[in-house]
Peer 1: 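First, the structure itself, so that you have it in front of you.
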Amino acid sequence: MQSENEKIIIEAHDQDEAILKAAGHFNSKPGELEAVMIGEGHTGFLSRLFGGRKLMKFEVIKKNSQVTSQNTAQPQKIEAVEEKNNDVEFSEPHPKSKTSSDIALAARGVEFANEILKLMDIEAEAVERDRNLLEITGSDAQDYIVGRYGDALKSLEYLVNLTLRDPRNEPRLKIDSCGYRERRIKSLERLAEATARQVLKFGRPMRLDPMASWERWVIHTTLKDRKDVTTESIGEPPMRKVVVSPKYDANHYKNRRYRPSRRFGK
């Protein structure tokens, strides 16, 4: 049972905002907290008049550290990068020879992806290119599968893995088309560096848009060796997102005209 000093009532617009507010109260990382909506919060007259977002009331609970450590000790059977909030993220696998399960999974993935493309009446075909990598080729691939933001490609990859993957003993399938994955990785690396600069400029955490697990992995990997910022993921899929936070050093800020918010201090 949680004690009174391990939970707090917070008014916020959404669950993520409530967790970030409570992080300063508990002096904890967002990944160590859990927020549950319990009702509507107080909304001012001007907010109601001009149609502002409603405040909701959340109960934020600090997770039991003993339970967290026990869960972390469980062996993981998929290749992953462990984040600071004891969450497991998908990582790019190291090159190695194919196993029988890899071949079977890729064949099933190709068959299932082609069935979906046929039902969607899209002139494209899924083929196996590399270990656990499928590529969508065809005249409609660029316009209908990749598009502007690759949403259809991400959705197809999520659906294929959700349908075929057994997390206990099978790897994850990746799906690419028209070189989108490589372009996206470079874009995410630039986004990670730009976000880190903004975090250091304003001295407060910044949340990125929701991303797929491999996209979050790129952000974490790009910034993992930096000494001035940290990263962690919060939320539940498909709305899971990365938070980039500054690492505070008193000596670094003592001669500055402003100091970082104490709410996010370690």
Side-chain angles (χ1 to χ4, degrees), residues 8-35 37 41-44 46-47 50-58 60 62-63 81-87 89 149 183-266:
I8 187 176
I9 304 299
I10 293 286
E11 288 189 353
H13 293 105
D14 54 39
Q15 186 182 48
D16 292 339
E17 182 181 343
I19 289 177
L20 286 175
K21 285 183 176 181
H25 172 81
F26 289 116
N27 194 23
S28 302
K29 298 176 181 177
E32 299 173 353
L33 305 176
E34 181 178 357
M37 188 177 68
H42 175 72
T43 304
L46 291 178
S47 179
F50 293 104
R53 293 172 61 194
K54 288 185 178 180
L55 285 171
M56 305 304 294
K57 191 175 293 185
F58 293 87
V60 184
K62 188 174 182 180
K63 296 178 182 178
V81 173
E82 186 175 354
E83 296 181 352
K84 295 180 177 61
N85 58 350
N86 294 325
D87 187 26
E89 289 286 350
Y149 299 109
R183 296 196 304 272
R184 179 60 172 162
I185 288 175
K186 292 180 179 179
S187 175
L188 289 170
E189 290 172 346
R190 293 193 296 268
L191 174 64
E193 295 293 349
T195 303
R197 290 193 294 269
Q198 290 293 100
V199 164
L200 295 176
K201 178 179 178 180
F202 295 106
R204 60 175 180 266
M206 290 186 63
R207 290 179 292 177
L208 301 179
D209 292 333
M211 298 179 184
S213 60
W214 70 269
E215 294 174 311
R216 297 194 301 272
W217 176 84
V218 174
I219 300 294
H220 292 305
T221 304
T222 303
L223 300 179
K224 69 181 179 66
D225 293 329
R226 293 191 59 141
K227 306 298 183 183
D228 48 6
V229 297
T230 61
T231 62
E232 62 181 327
S233 290
I234 62 173
E236 297 295 332
M239 300 305 295
R240 193 160 174 76
K241 61 191 71 174
V242 176
V243 177
V244 182
S245 304
K247 282 184 180 177
Y248 294 121
D249 181 358
N251 294 326
H252 177 71
Y253 287 100
K254 66 181 180 180
N255 295 323
R256 302 283 289 270
R257 295 183 60 185
Y258 68 91
R259 294 181 181 271
S261 171
R262 299 176 67 90
R263 292 188 305 158
F264 300 101
K266 300 300 180 185

Peer 1: Looking at residues at least two apart in the chain, or sitting in another chain, which of them share a side-chain hydrogen bond (donor to acceptor under 3.5 Å, both in side chains) with Arg184?
Peer 2: Glu215
Peer 1: Can a donor-acceptor pair be found, under 3.5 Å and without considering hydrogens, that links the side chain of Arg216 to the backbone of Val242?
Peer 2: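 No; judged by distance alone, with no hydrogens or angles, the pair does not exist.
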Peer 1: List the residues meeting side-chain hydrogen bond (donor to acceptor under 3.5 Å, both in side chains) with Arg226, not counting sequence neighbours, and say none if there are none.
Peer 2: Glu193, Asp228
Peer 1: So which heavy atom on Ala196 is nearest to which on Val244, and how close?
Peer 2: CA-CG1, 4.5 Å
Peer 1: Kindly give the heavy-atom pair with the smallest separation between Pro205 and Pro246, and that separation in Å.
Peer 2: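 That would be N-CD, 3.9 Å.
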Peer 1: Quick one: does any side-chain atom of Ser187 pair with a main-chain N or O of Arg183 as donor and acceptor, under 3.5 Å?
Peer 2: no
Peer 1: To the nearest 0.5 Å, how far apart are CD in Glu189 and CG in Leu223?
Peer 2: 10.0 Å
Peer 1: What are the two closest heavy atoms between Ser245 and Val199, and how far apart are they?
Peer 2: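 Where Ser245 meets Val199 most closely, the heavy atoms are C-CG1, 3.8 Å.
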Peer 1: CG of Leu188 to CH2 of Trp217: how many Å apart, nearest 0.5 Å?
Peer 2: 11.0 Å
Peer 1: If we only count heavy atoms from C-beta on, is the Ile234 to Lys241 side-chain gap below 4.5 Å?
Peer 2: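 Of all side-chain heavy-atom pairs linking Lys241 with Ile234, at least one is under 4.5 Å.
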Peer 1: Please report the interatomic distance CG(Leu191) to CD(Gln198), rounded to the nearest 0.5 Å.
Peer 2: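 These two atoms lie 11.0 Å from each other.
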Peer 1: Who pairs with Lys186 by salt bridge (charged side-chain N to carboxylate O under 4.0 Å, His left out), at least two apart in sequence or on another chain?
Peer 2: Glu182
Peer 1: Could you tell me the separation between the CZ atom of Arg190 and the OG1 atom of Thr195, rounded to the nearest 0.5 Å?
Peer 2: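 Going from the CZ atom of Arg190 to the OG1 atom of Thr195 covers 12.5 Å.
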Peer 1: Could you tell me whether the side chain of Ile9 reaches within less than 4.5 Å of the side chain of Lys57, counting heavy atoms only?
Peer 2: yes
Peer 1: Locate the shortest heavy-atom distance separating Arg207 from Val243; write the atom from each residue and the value.
Peer 2: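 Minimum heavy-atom contact is CG-CG2, 3.6 Å.
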Peer 1: Tell me, do Met211 and Val218 make a side-chain contact under 4.5 Å, heavy atoms counted?
Peer 2: no
